[in-house]
Each structure stands twice: as C-alpha cells, then as structure tokens.
Amino acid sequence: MKIAVTGVSGRMGRMLVDAVSETEDATLHGAIERSGHDWVGRDLGEILPAGSGVTVTDDPAKGIAGADAVIDFTAPDATVALAKSAAEAGVAHVIGTTGFDDSHIAQLDACADRIAIVRAGNMSLGVNLLTQLVRQVAASLGVEYDIEVVEAHHRHKVDAPSGTALMLGEAAAEGRGISLSGMADRARDGITGPREAGHIGFHAIRGGDIIGAHDVIFAGPGETITISHAATDRQLFAKGALRAALWTVGKAPGHYDMLDVLGLR
Ligand SMILES: NC(=O)C1=CN([C@@H]2O[C@H](COP(=O)(O)OP(=O)(O)OC[C@H]3O[C@@H](n4cnc5c(N)ncnc54)[C@H](O)[C@@H]3O)[C@@H](O)[C@H]2O)C=CC1
Ligand SMILES: O=C(O)C1=N[C@H](C(=O)O)C[C@H](O)C1
C-alpha cells in the first residue's frame, strides 16, 4: 500500500514515517509539510532515514498523487483542505487530527461522500475499547453518578479538551441516552453554583511530556468508579493509524472511525 504522510515533521508525522517503514504491506509514497517549512524541497531521508527517496512537498495534491491513502495528524484547517484534495484524487484519508468544530466536520462529511475517511481522536485499541466500556457503565448507572472526564497531555498540545476526552464524554452521553451538547461543563471558574445533575465535566491538565492520560470518573453516592487509560509511546497511535489505512482498501466512500476498523461496532 502506497502511503503519504502529512505533517511529516510533527511529533506524530515522524512516528508515522518509522511505522510505515516497519510495516511489510506499506511503503512511503509522499511527504507533505506546511508552506514555508524548511523541510520542503528536501529528500526526507536527509532528516529521517526511513524517508529516503521521498521529497517533502507543501503541495497536498502533489504529495498524495499516486498514493492509496494519506495519514494526517496536523491541524483542523489543514486537514479539511487536504480532505478536499484527497476527495478529488480518490485517495483514502486517515485523520488523527483533533480540535475540529462543526463546520470542519460538515466539510469532512462532504468529502466522505467521495472517499473513505477514517477519523478518530484516538487511534489506540485501548481507548476505543474503553469507549465501549464507558458507554456500558454510563447506561448502567443513574444520574446520581456524576461523570467527570479528566485528561492530561504534554505542554505543546494546542487544543482542549482532548479529542479522546470528547470521545469518552460522547460515549458516556450515548450510554445515558442524552446529547453531550448542552450537557458538557468544559470549564468551571468563580461561583459556579452546585453541579447540575446529568452534566458531564471536562478538565484538561497540560504539562511536561505527558503522552496522553485519561480518567473517566463516575462519582456516586458512597462510591466512585474510575476508568483510566495512559499512553506511554506515540507509536501506539501511529500503528493504529497505519492499521486504519490498510483497512480502507476496497472500502466504499464513508466517514468511518476506529470502531469500524477494529470491528468493535
Ligand atoms: N488520533 C490520535 O490518536 C492522535 C491525535 N493527535 C492529534 O494530531 C495532531 C498533531 O499532533 P502532534 O503531531 O503532536 O502535533 P505537531 O504540532 O507536532 O505536528 C503537527 C504537524 O502538522 C504540520 N502542519 C500544520 N499545518 C500543515 C499544513 N497545512 N500542511 C502540512 N502540514 C501541516 C506542522 O508543521 C507539524 O509538523 C493534534 O491535533 C493532536 O491532537 C496526536 C496524537 C494521537
Ligand atoms: O495531542 C496529543 O498528543 C494527543 N492528542 C489526541 C487527543 O486530542 O486526544 C490523542 C492523544 O491523547 C494524544
């Protein structure tokens, strides 16, 4: 499978180049970075040995030309622009990027009418298994159990709450049969008054080099249940993204997630 990677100089982009080189069924076919980046125009192999022979481009259409799939851990606006190029080129798009708003999602939905898009705020098997568990626990416990999602990431992360936290919060809301919008408390400050029953709280810790840690807390009368996940190596996400890319072979256009890839739906 011919894979293009965008955001190739990023924390995840570098991981993906290595993951592709270590995967028998995949070869690195394209490398993309933002305009003005000093890697543009260079042979990737000069910087990342596993990228030898692939020239970094800032032209998405050029970077994905001839690829079967492109893997994208960048930023929301970049991802939407790339999805439009991928839809034109008929190239599957695996999206790890987080921090989307409703407008971004609507544009990705439109692209998914033409190509297979796999988008997940967390590409790990563990977190996607946990979303199923959280949904079940939330369905089993009444609103007397207050749900709070706490996440911690490295100091460089630019969006909050994390995509993973939102996945877990959405799973809890689905378990309760409610819509998360209007029930999410994403920041508390000042005299807030008592906690509103049925709401789901989100808290973001930022600091150091934390890869990604998430707790879903069910605080109830006389007991507290906590479901936790801690990532310790970004290769976890890169391998999940590569698994998603290989999964897209032969798939019809659509907007998929890791539950589809992992057969957990
Ligand atoms: N779904 C998952 O499992 C995971 C998702 N992420 C998400 O992936 C995203 C990136 O995370 P990191 O790699 O830590 O960030 P990073 O900042 O290290 O890397 C982002 C890269 O994208 C590049 N970029 C920005 N605009 C671009 C454009 N228009 N064209 C091409 N490249 C462009 C940047 O130059 C940079 O190299 C974040 O949204 C993060 O939340 C991160 C890890 C796992
Ligand atoms: O920015 C990161 O690093 C991560 N982002 C994803 C998220 O927003 O949940 C996934 C993972 O936690 C690492």
Side-chain angles (χ1 to χ4, degrees), residues 1-100 104 107-108 111 115-120 123 153-159 163 208-209 211-212 231 233-246 248-249:
M1 182 178 214
K2 295 175 180 175
I3 303 276
V5 172
T6 188
V8 73
S9 81
R11 284 175 289 272
M12 282 305 303
R14 295 161 184 255
M15 285 282 165
L16 288 162
V17 172
D18 287 342
V20 169
S21 72
E22 291 158 10
T23 302
E24 200 171 299
D25 301 334
T27 53
L28 187 68
H29 187 76
I32 307 166
E33 252 302 343
R34 56 181 161 74
S35 297
H37 193 284
D38 60 14
W39 288 20
V40 173
R42 294 179 61 183
D43 182 307
L44 187 58
E46 294 170 16
I47 311 151
L48 302 173
S52 180
V54 178
T55 301
V56 181
T57 180
D58 59 2
D59 176 351
K62 188 176 175 187
I64 64 174
D68 299 300
V70 55
I71 304 179
D72 179 353
F73 290 70
T74 53
D77 288 345
T79 294
V80 168
L82 181 59
K84 292 173 181 173
S85 296
E88 280 298 317
V91 174
H93 191 180
V94 174
I95 298 172
T97 306
T98 59
F100 295 109
H104 292 127
Q107 294 177 82
L108 295 177
C111 295
I115 53 170
I117 291 180
V118 180
R119 179 172 62 84
M123 295 281 183
H153 284 86
H154 52 89
R155 63 201 323 265
H156 305 291
K157 186 167 180 58
V158 297
D159 61 308
D209 60 1
I211 298 286
D233 187 332
R234 287 187 177 92
Q235 272 296 347
L236 180 73
F237 309 124
K239 287 175 180 169
L242 208 50
R243 181 170 175 175
L246 294 167
T248 64
V249 174

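Predicted model, so just to flag it, every value in this text is computed and none were measured.
- Within 6.0 Å of NZ in K2 there are 12 or fewer heavy atoms belonging to other residues, nucleotides or ligands.
- Paired with M1 under the rule side-chain contact (heavy atoms from CB on, under 4.5 Å), one option of V20, V249, L242, T27 passes, and it is V249.
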Is there a side chain to side chain contact (heavy atoms under 4.5 Å, CB included) between I32 and V8? Walk through the geometry before answering. CA-CA 6 Å; I32 307 166; V8 73; over 6 Å; no
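- To the nearest 0.5 angstrom, R243 atom CZ is 13.5 Å from T248 atom OG1.
- In plain terms, the two heavy atoms of P60 and L82 that are nearest each other are CB-CD1, 3.7 Å.
- Expressed to the nearest 0.5 Å, how far NE2 of H104 lies from OG1 of T98 amounts to 11.5 Å.
- Dense packing is recorded around CG of D38, with more than 12 heavy atoms of other residues, nucleotides or ligands lying under 6.0 Å away.
- Separating the NE2 atom in H29 from the CD1 atom in I64 is a distance of 10.0 Å, to the nearest 0.5 Å.
- When each of V94, I71, L28 is tested with L16 by the rule side-chain contact (heavy atoms from CB on, under 4.5 Å), just one qualifies, namely I71.
- Checked by atom type, the side-chain pair D59/T57 shows no donor-acceptor distance below 3.5 Å.
- Here the closest non-hydrogen pair linking F100 and I95 is CZ-CG2, 3.8 Å.
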For H37 and S9: C-alpha separation, side-chain torsions, deciding distance, then whether side chain to side chain contact (heavy atoms under 4.5 Å, CB included) applies. CA-CA 9 Å; H37 193 284; S9 81; 3.0 Å; yes
Given the rule in the side chain to side chain donor-acceptor pair (under 3.5 Å) test, do D72 and T6 qualify, once you have shown the distances and angles that lead to the verdict? CA-CA 5 Å; D72 179 353; T6 188; 5.2 Å; no
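- One N or O on the side chain of D43 and one on the backbone of G53 form a donor-acceptor pair closer than 3.5 Å.
- Closest of all the heavy-atom pairs between G51 and L44 is O-CB, 3.4 Å.
- Counting all heavy atoms, side chain and backbone alike, F237 lies closest to I211 at CE1-CG2, 3.9 Å.
- Considering every non-hydrogen atom in both P76 and T97, the closest pair reads N-CG2, 3.6 Å.
- Taking NE2 from H156 and CG from D209, the interatomic distance works out to 8.5 Å, rounded to the nearest 0.5 Å.
- Residues I115 and H93 share a closest heavy-atom pair of CD1-CB, 4.1 Å.
- Just one of M123, R234, M15, R11 meets the side-chain contact (heavy atoms from CB on, under 4.5 Å) condition when paired with F73; it is M123.
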Before giving the answer on side chain to side chain contact (heavy atoms under 4.5 Å, CB included), spell out for T23 and L246 the whole-Å C-alpha distance, their side-chain angles and the decisive distance to 0.1 Å. CA-CA 10 Å; T23 302; L246 294 167; 4.3 Å; yes
